[in-house]
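Fair warning: this is a prediction, and the values are worked out from it, not measured in the lab.
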Amino acid sequence: NKNDKTEEQQHIDDELKNSKASEADTAKSHGEILKQQIIEGQETYDKSPVSILLSSLTAGLEIGFSYLLICSLFFFLEGKVSEDSIIKSLSIVYPIGFVMIILGQSILFTEQTSLLTLPVLNKKRSLGSLLRLWGLVILGNLIGGYLIAFLLVWFGPQLGIFDLKTIEKIAVHVTDYHGSVIFVSAILAGWLMGLLSWLVAASKDTLSRILIIYIITAVLAFTGLHHSIVGNVEVFSGLISSPKIIFVEYLSFISLALLGNALGGAFFVALLKYPNLSLVGSNVYVSSGFFNVNTCTVEALVGIEFIP
């Protein structure tokens, strides 16, 4: 009932407030990470719309460096190794733009999806404010992507680091799937980006953050999961330079990728991370009596009956 939900929320707020900063040589607690994520999310909500739009546009531009390297490596390896091997090798350079964006603290939709959901789950912000903020971030990311796509489609061939055929092949590779496949792929990508945000918050030094960003985004690239903002640059570049990509195809791709990424990131937080905090400090009953969740492991919780 309503009173139970209010008490549970108050319990979560108390745990967040009382979570202590861990020592430099110890891992951060679940509550400490969640508290940091909620604070960072709140700070984003408190920024002005212009500031959010500019930061998002910057992220859209910066992700273009990943695309620049993807096209350059594809063109460099073409004819030397098989195309399948080239596609897999792109995971080496794919993470670079993400490292720039996340360490530079620009606002990227997929990395911020789960982060911005937390204040809503914690009842500090409304669902309407979340959707408005998502809209601003997406708009900025897409516009930045369009600008860098126009630049690279002209710049790459002029410099001789890749050609229009390379752009076309990458765009076709990204979109050459049924809509349902793109959608599910985008959900998994959003889930991984939610995990990325969590792990970055859990890390304590810059080198660890770079390694985490590199590993997670390299997994995205190697497995071919669809990231909406990188995909926006890849497919839009094909749209403006090749007859093989038509506007309806671009529109279908970007819609499915954005929706899938949003669902994946929100699912990671709403169902897998945030509810865990409400268990902290709860009394649970086992055959030997009551004990506190603070002292038990995840494995120990399996099959335990929770007492309200």
With the side chain counted from C-beta on, respond yes when [X] and [Y] share a heavy-atom pair under 4.5 Å apart, and no when they do not.
| X | Y | answer |
| --- | --- | --- |
| I216 | F98 | no |
| L73 | S89 | yes |
| V99 | I96 | no |
| I63 | N232 | no |

> Do you reckon V153 sits in the same ILVMFWY cluster as F247, going by side-chain contacts under 4.5 Å, direct or chained?
Replying inline: yes
Ignoring hydrogens and angles, write down the donor-acceptor pairs under 3.5 Å from the side chains of residues 103-112, residues two or more places apart or on other chains.
residue, atom, partner, partner atom, Å
S106, OG, E62, OE1, 3.2
T110, OG1, H227, NE2, 2.5

Sequence neighbours excluded, which residues qualify as side-chain contact (heavy atoms from CB on, under 4.5 Å) partners of [X]?
| X | answer |
| --- | --- |
| S51 | K47, S48 |
| A149 | V233, F236, S237 |
| F222 | K88, S91 |
| I215 | L211 |

Residues 60-84 vs ring pair (Phe, Tyr, Trp, His ring centres under 6.0 Å), sequence neighbours excluded, gives none
Applied to residues 161-187, the ring pair (Phe, Tyr, Trp, His ring centres under 6.0 Å) test, sequence neighbours excluded, yields Y177-H226
Which side-chain hydrogen bond (donor to acceptor under 3.5 Å, both in side chains) pairs, counting each pair once, include a residue from [range], with sequence neighbours left out?
| range | result |
| --- | --- |
| residues 140-160 | Y146-Y250 |
| residues 260-269 | S228-N261 |
| residues 69-81 | E78-K169 |

Sequence neighbours excluded, the answer for salt bridge (Lys or Arg N to Asp or Glu O under 4.0 Å) partners of D46 is R125
Point to revise | Polar contact flag, side-chain donor to acceptor under 3.5 angstrom, Q36-E40 | key: yes
Heavy-atom nearest pair, I52 first then T44, reads CD1-O, 3.5 Å
Determine all donor-acceptor pairs shorter than 3.5 Å in which one atom belongs to a side chain in residues 129-137; sequence neighbours excluded.
residue, atom, partner, partner atom, Å
S129, OG, S126, N, 3.2
S129, OG, S126, O, 2.6
S129, OG, S126, OG, 3.4

Exercise. Donor-acceptor pair, T117 side chain versus T113 backbone, under 3.5 Å?
Worked result: yes
